[in-house]
Each structure stands twice: as structure tokens, then as C-alpha cells.
Amino acid sequence: HVEKFSGGGGPGWRFTKLKDQRVHVCIEKDGCGALSSNAQMFQTERWYHHVFRKSASNYEIFLNGAKIAGAPTPPVLGSSNPLLIGRANFEDGRVFSLNGRIDEVAIWRRVLSDQEISFLYNDGTGRKASGVN
């Protein structure tokens, strides 16, 4: 779970895995512009590479180097709350806490290409996020 979100209704954005095993993005401005993948078969004791990519026209979810969902980008209002990793903001009231480990979190100032996302996934071996500038 990674978010920069205010309360349970925004504004802001949230990237998380739901209890029903869907990877989910919520971009909040006057109602949640949400994007969810189909349910995935996540296994314990295994690493997964998740990427949320937002461009001017689309937002997309990648899992292990492959795009699994996409939609047109809704407008996004900023949140005054800090960026949170592994939990939701205190005002939300819902529990989005992480039961696991997070490694190599990175946020870029530009949109990564499909090739760069695939490069970072590296057929499951992974590469350090610093490998893409």
C-alpha cells in the first residue's frame, strides 16, 4: 500500500492490494476514479513487482513486468498528507496495513516506458530502482 491521500474520500491517490486479491488504484477528485485489476493468485513467501504508472492521458497497473489494467487518467487534486508506505492515513478509518515486506520503493518525476518497467522487473530477478534514471 502506497498513498498520498486525505481521509477516506480524498483528495489524493492510493495504490494497494485489496483483500480480494485485486491490485487497485484510487485517484480521488469528486468521487473515486478507480482502476482495479482482475483478482490475482498471490502466494506467500514470494516477491511481486508492482508498478503504478500515471501519464497525462492514462494510468496503468503493472504486475511482474506486464500491464494488467489501464484507464484514462482522471484529474488529481493534491493531498496535504504525507506520502505513506505500508499503511493508510489516520483519518481514513479503514485498515490498509501491510502484512509483508516492501523493497525498492521508487517514485520518478517522469513516466517510465514499458521497456524500463520490464528492465526493472528483470524476469523476476529484479534490479535496483536506481538502474533507471
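Predicted, not measured: the structure shown is a model, and the values here were computed from it.
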Exercise. Sequence neighbours excluded, which residues qualify as side-chain contact (heavy atoms from CB on, under 4.5 Å) partners of K128?
Worked result: E104, S130
Problem set entry | Residues which pass side-chain contact (heavy atoms from CB on, under 4.5 Å) with A66, listed by chain and number, not counting sequence neighbours | none
Problem set entry | Parallel, tilted or perpendicular, as decided by the 30° and 60° cut-offs, for the rings of F52 and W13 | tilted
Any side-chain heavy-atom pair of [X] and [Y] under 4.5 Å:
| X | Y | result |
| --- | --- | --- |
| R14 | N89 | yes |
| R110 | V132 | yes |
| F42 | V23 | yes |
| E3 | L83 | no |

For this session: Name all pairs fulfilling the side-chain hydrogen bond (donor to acceptor under 3.5 Å, both in side chains) condition that reach into residues 42-51, sequence neighbours left out, sorted by first residue then second.
Result: none
Seminar exercise, completed: Those residues at least two apart in sequence (or on a different chain) that pass salt bridge (charged side-chain N to carboxylate O under 4.0 Å, His left out) with K54 are none
Problem set entry | Partners meeting salt bridge (charged side-chain N to carboxylate O under 4.0 Å, His left out) with E91 (sequence neighbours left out) | none
Problem set entry | Six-ring centre of F62, R53 cation under 6.0 angstrom, axis tolerance 45° | no
Problem set entry | With sequence neighbours excluded, residues passing side chain to side chain donor-acceptor pair (under 3.5 Å) with S36 | R22, H24
